[in-house]
Amino acid sequence: MEISGKIVSLLPEQSGQGKNGIWKKQEYILETTGQYPKKVCFSIWGDKIDQFKVNSGDDVEVSFDVESREYNQRWYTELRAWKVAKQGSGGAAGNDGPPNFPPPSSDDFLEKADDGDLPF
């Protein structure tokens, strides 16, 4: 899943010792745009905290997984980010996708369509 918005708050980094070793996580508050903006909390775990370098005020697009777990008959839901792309700066942190090429001009399309040979 994906969501876009502006980072409005960084919560304190958390760390601890688990059965699989030391862990750390950072939570961020993102505010969506639109007529009715929403605030959404998402988390980044481990080395990705330093990889994405998210700061307050950044416009970002966050790709995440939703995960819920039960503890003492209560359910807790977390949005775990696996990619954060900064918007508007030309560069993207953690963006492994294809480069953005401009769309072909309509003149090129019309020239190819006028030859009378249909592609199907």
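Computed from a prediction, not measured in an experiment: that's the story for all the values here.
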For residues [X] and [Y], report the shortest heavy-atom separation together with the two atoms involved.
X   : Y   : value
V54 : L10 : O-CD2, 3.7 Å
T32 : P37 : O-CB, 3.2 Å
K53 : D58 : O-OD2, 4.0 Å
C41 : L79 : O-CD1, 3.6 Å
V62 : A81 : CG1-CB, 3.7 Å
S56 : S9  : OG-N, 4.4 Å

Side chain to side chain contact (heavy atoms under 4.5 Å, CB included) for K24 and E13? Distances and angles first, verdict last. CA-CA 7 Å; K24 65 178 182 174; E13 186 177 300; 3.5 Å; yes
Do W45 and E78 have side-chain N/O donor and acceptor atoms under 3.5 Å apart? yes
Just by distance, no angles: are the side chains of S43 and E27 close enough, under 3.5 Å, to form a donor-acceptor pair? no
Apply side chain to side chain contact (heavy atoms under 4.5 Å, CB included) to Y76 and E70, showing your working. CA-CA 6 Å; Y76 299 89; E70 186 264 340; over 6 Å; no
Go through the steps for V66 and T77 under the test side chain to side chain contact (heavy atoms under 4.5 Å, CB included), then give the verdict. CA-CA 7 Å; V66 179; T77 301; 3.8 Å; yes
Check the pair F64, M1 against side chain to side chain contact (heavy atoms under 4.5 Å, CB included), reporting the backbone distance first and the verdict last. CA-CA 5 Å; F64 61 92; M1 299 181 86; 3.7 Å; yes
Nearest 0.5 Å, please: how far is [atom2] in [Y] from [atom1] in [X]?
X   : Y   : atom1 : atom2 : answer
Q26 : I49 : CD    : CD1   : 5.5 Å
W75 : S68 : CH2   : OG    : 7.0 Å
N55 : I7  : CG    : CD1   : 9.5 Å

[atom1] ([X]) with more than 12 external heavy atoms under 6.0 Å:
X   : atom1 : value
D47 : CG    : no
K25 : NZ    : yes
K39 : NZ    : no

Is it true that V40 and I44 fall in one hydrophobic cluster, defined by side-chain heavy atoms closer than 4.5 Å? yes
Taking the six-membered ring for Trp and the full ring for Phe, Tyr or His, determine whether the centres of F42 and Y28 are under 6.0 Å apart. yes
Does the side chain of K48 come within less than 4.5 Å of W82's, by heavy atoms? yes
